[in-house]
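Data block below; observations after.
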Protein chains: 2
Amino acid sequence: MSPGPEHQPASAAPAPPRWLDAEEQKAWRAWLYSTTLLQDRLERDLTHSTGISNAYYEILVQLSEAPDRRMRMSQLADRCLASRSRLSHAVSRLEERGWVAREVCVEDGRGQLAVLTDVGMAALEEAAPVHVTSVREHLFDQLSPAQIAAMRDIGETLLRHLDPR
Amino acid sequence: MSPGPEHQPASAAPAPPRWLDAEEQKAWRAWLYSTTLLQDRLERDLTHSTGISNAYYEILVQLSEAPDRRMRMSQLADRCLASRSRLSHAVSRLEERGWVAREVCVEDGRGQLAVLTDVGMAALEEAAPVHVTSVREHLFDQLSPAQIAAMRDIGETLLRHLDPR
DNA sequence: CTCCGGTGGTTGAGCGTTGAACTGCTTGCG
DNA sequence: CGCAAGCAGTTCAACGCTCAACCACCGGAG
């Protein structure tokens with residue numbers, strides 16, 4: 001919150017924000033609408049043809065890539081960009097489906113491990129082609145190689161700010 | 001989410017999808033994580049300091065820009081990228097806060113108009129600086145002019161595919 | 001005028017998320 | 001050893017979203 005080079009009136013009213021100009025508005029709207037519509041579309045495609053939401057899918061993917069197909073709850077939450085509460089609920093529901101199981105953690109009595117079951121792995125393998133097809137159709141197939149490179153660059157730039165690991 | 005090569009099912013399925021290669025995976029992850037984190041961050045910033053979610057904010061903005069501060073429910077839903085059901089629920093809640101009112105539509109007895117009240121307008125005016133500051137800080141201030149232009153270009157390209165008006 | 005398919009909008013149930021409170025375990029410090 | 005502080009994870013209540021009925025009204029065909 002250090003003051004900028006220009007002197008602002010150090011007065012009662014807070015400094016007026018820098019509003020978006022017309023060009024910035026258009027960029028902002030394009031980003032907002034396109035990301036929202038794309039997320040919605042991917043979610044719909046996957047859920048309607050497999051019954052697996054993107055949130056569940058992400059959990060299954062992370063577990064499938066983990067050693068022994070198991071991971072600590074909080075690490076799993078971090079990788080899925082989910083809160084602990086949210087992950088705990090989601091794992092409970094996946095447990096009811098028989099796709100994930102819980103194990104107590106040996107090194108730390110407080111910890112729990114989420115384990116991907118064989119049934120869960122099978123469900124993931126059924127969903128994966130649907131997911132990748134959808135991502136290709138609605139994202140990669142729409143963009144030129146230069147646009148894809150720019151998308152990655154922008155994403156990584158924003159990540160350095162939002163998630164400085 | 002990231003269907004890695006390790007998930008390829010052994011050729012039993014009809015048409016094997018074109019899996020993402022390593023570069024595409026990175027672009028995909030960067031896009032997915034950055035959009036998710038940015039949306040979360042903007043939502044948090046706005047909700048925590050004003051008590052208005054992005055969904056509500058969007059409704060208020062659209063109404064404030066409409067002639068006479070009123071709009072048909074379905075048009076409002078379209079502009080907010082919301083389902084009719086979702087918008088109906090949201091307007092009900094905004095009505096309880098006294099920020100929006102419903103009016104019957106004269107030209108079409110089936111229709112309803114959502115109207116932004118003075119109290120709602122005041123709430124919007126209080127929230128707007130918070131919102132724009134957050135968007136600047138986490139998006140525009142992080143990107144170069146070239147990146148902003150690319151972001152807009154990508155967004156508009158995707159929109160032509162996802163929402164061919 | 002009446003019927004009828006289509007449209008605008010609402011409602012209710014079920015599911016998922018959020019944030020805060022809570023339990024149990026571990027770690028460090030005297 | 002004993003205790004406080006803090007971490008891992010769960011639970012609860014409130015809220016929001018989705019999907020599928022559902023009601024009311026419009027507009028055209030006979």
Side-chain angles (χ1 to χ4, degrees), chain A residues 36-37 39-60 63 70-97 99-115, chain B residues 36-37 39-60 63 70-97 99-115:
Chain A
T36 306
L37 285 172
Q39 306 241 36
D40 286 359
R41 186 58 190 258
L42 297 177
E43 177 79 25
R44 265 178 46 87
D45 280 3
L46 187 61
T47 327
H48 281 203
S49 49
T50 69
I52 304 178
S53 70
N54 273 334
Y56 288 2
Y57 185 78
E58 178 73 11
I59 293 173
L60 299 181
L63 285 180
R70 66 200 63 207
M71 198 184 293
R72 286 291 291 271
M73 293 294 282
S74 31
Q75 189 185 358
L76 186 52
D78 288 347
R79 299 222 188 174
C80 295
L81 304 180
S83 69
R84 282 150 197 241
S85 166
R86 177 178 170 183
L87 183 79
S88 187
H89 285 296
V91 166
S92 298
R93 292 182 299 254
L94 290 172
E95 220 172 358
E96 286 168 13
R97 293 195 189 189
W99 293 356
V100 170
R102 273 182 236 249
E103 270 179 15
V104 290
C105 180
V106 190
E107 306 104 40
D108 188 335
R110 297 167 297 184
Q112 292 275 105
L113 292 170
V115 190
Chain B
T36 305
L37 285 172
Q39 306 240 34
D40 286 359
R41 186 59 191 259
L42 297 178
E43 177 79 26
R44 264 178 48 86
D45 279 3
L46 187 61
T47 323
H48 281 202
S49 50
T50 69
I52 305 179
S53 69
N54 273 334
Y56 288 1
Y57 183 79
E58 180 73 11
I59 293 173
L60 300 181
L63 285 181
R70 64 199 65 206
M71 198 184 294
R72 286 290 291 271
M73 293 294 283
S74 32
Q75 189 184 0
L76 186 52
D78 289 346
R79 300 220 186 174
C80 295
L81 303 181
S83 69
R84 285 156 194 233
S85 166
R86 178 178 170 183
L87 183 79
S88 187
H89 285 296
V91 165
S92 298
R93 292 183 299 253
L94 289 172
E95 218 172 357
E96 284 168 15
R97 293 194 187 189
W99 292 357
V100 170
R102 273 182 236 248
E103 271 180 15
V104 290
C105 179
V106 191
E107 306 102 39
D108 187 337
R110 296 166 298 183
Q112 292 276 106
L113 291 170
V115 190

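Everything numeric in this text was worked out from a predicted model, so none of it was measured. Each chain gets a letter, A, B and so on, in the order the sequences are listed, and its residues count up from 1.
OP1 or OP2 of D/dG16 has not a single side-chain nitrogen or oxygen of B/S53 nearer than 4.0 Å. OP1 or OP2 of C/dT10 has at least one side-chain nitrogen or oxygen of B/Q112 nearer than 4.0 Å. Look at A/R93 and you'll find a side-chain N or O under 4.0 angstrom from OP1 or OP2 of C/dG16. In this structure, B/R102 does not reach the C/dG9 phosphate: none of its side-chain N or O atoms is under 4.0 Å from OP1 or OP2.
Checked against salt bridge (Lys or Arg N to Asp or Glu O under 4.0 Å), B/R97 has no partners two or more places apart in sequence or in another chain. For the salt bridge (Lys or Arg N to Asp or Glu O under 4.0 Å) test, no residue two or more places apart in sequence or in another chain qualifies with B/E43. Listed by chain and number, the residues in a side chain to side chain donor-acceptor pair (under 3.5 Å) with B/Q39 amount to none (sequence neighbours excluded). Residues meeting the side chain to side chain donor-acceptor pair (under 3.5 Å) test with A/R44, sequence neighbours left out: none. Qualifying side-chain contact (heavy atoms from CB on, under 4.5 Å) partners for A/S92, counting only residues two or more places apart in sequence or in other chains: A/R102. In terms of the side-chain contact (heavy atoms from CB on, under 4.5 Å) criterion, residue partners of B/R41 (sequence neighbours excluded) are, by chain and number, A/L162, B/D45, B/H138.
Following rounding to the nearest Å, B/M71 (CE) and C/dG8 (C1') show an atom-to-atom distance of 16 Å. The distance from atom CG of A/L76 to atom C1' of D/dA8 is 14 Å, rounded to the nearest whole Å. A straight line from CD of B/E58 to C1' of D/dG16 spans 17 Å, rounded to a whole angstrom. Distance CE (B/M73) to C1' (D/dC23): 16 Å, rounded to an integer number of Å. Straight-line distance from the CD atom of B/E43 to the C1' atom of D/dG16: 11 Å, rounded to whole Å. Going from atom CG of A/L113 over to atom C1' of D/dA8 covers 12 Å, rounded to whole Å. D/dC7 atom C1' lies 13 Å from atom CG of A/D78, rounded to whole Å. Per the geometry, CG belonging to A/D108 stands 12 Å off P belonging to D/dC7, to the nearest Å.
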Within the sub-3.5 Å range, which N or O atoms of nucleotides 1-6 of chain C have a protein N or O partner, and how far apart are they?
from	atom 1	to	atom 2	distance (Å)
C/dG6	N2	B/R110	NH1	3.1

Sort me out a list of protein N/O and nucleotides 2-5 of chain D N/O pairs below 3.5 Å, or just none if empty.
none

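Side-chain contact between A/T36 and A/D40 is present, with at least one heavy-atom pair separated by less than 4.5 Å.
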Counting only pairs under 3.5 Å, give me each side-chain donor-acceptor contact of residues 103-115 of chain B, with atom names and distances, residues two or more places apart or in other chains.
from	atom 1	to	atom 2	distance (Å)
B/E103	OE1	B/R70	NH1	2.8
B/E103	OE2	B/R70	NH1	2.6
B/D108	OD1	B/R110	N	2.9
B/D108	OD1	B/R110	NE	3.1
B/D108	OD2	B/R110	NE	3.4
B/D108	OD2	B/R110	NH2	2.8

Residues 74-85 of chain A, side-chain donor-acceptor partners within the protein, below 3.5 Å, at least two apart:
from	atom 1	to	atom 2	distance (Å)
A/S83	OG	A/R86	N	3.0

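Residues from residues 79-89 of chain B lying near DNA chain C, meaning a heavy-atom separation below 4.0 Å, are B/R84, B/S85, B/S88, B/H89 in numerical order.
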Report task. Apply side-chain contact (heavy atoms from CB on, under 4.5 Å) to B/L42 and B/L46, showing your working. Result -> CA-CA 6 Å; B/L42 297 178; B/L46 187 61; over 6 Å; no

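Toward the 5' end of DNA chain D, the nearer of the two residues B/E107 and A/G111, judged by each one's closest nucleotide, is A/G111. Take the nearest nucleotide of DNA chain D for A/S92 and for B/Y56: the residue whose nucleotide is more 5' is A/S92.
Listed here is the closest heavy atom pair of B/I52 and B/Y57: CG2-N, 3.7 Å. Of all heavy-atom pairs between B/A90 and B/I59, the closest is CB-CD1, 3.7 Å.
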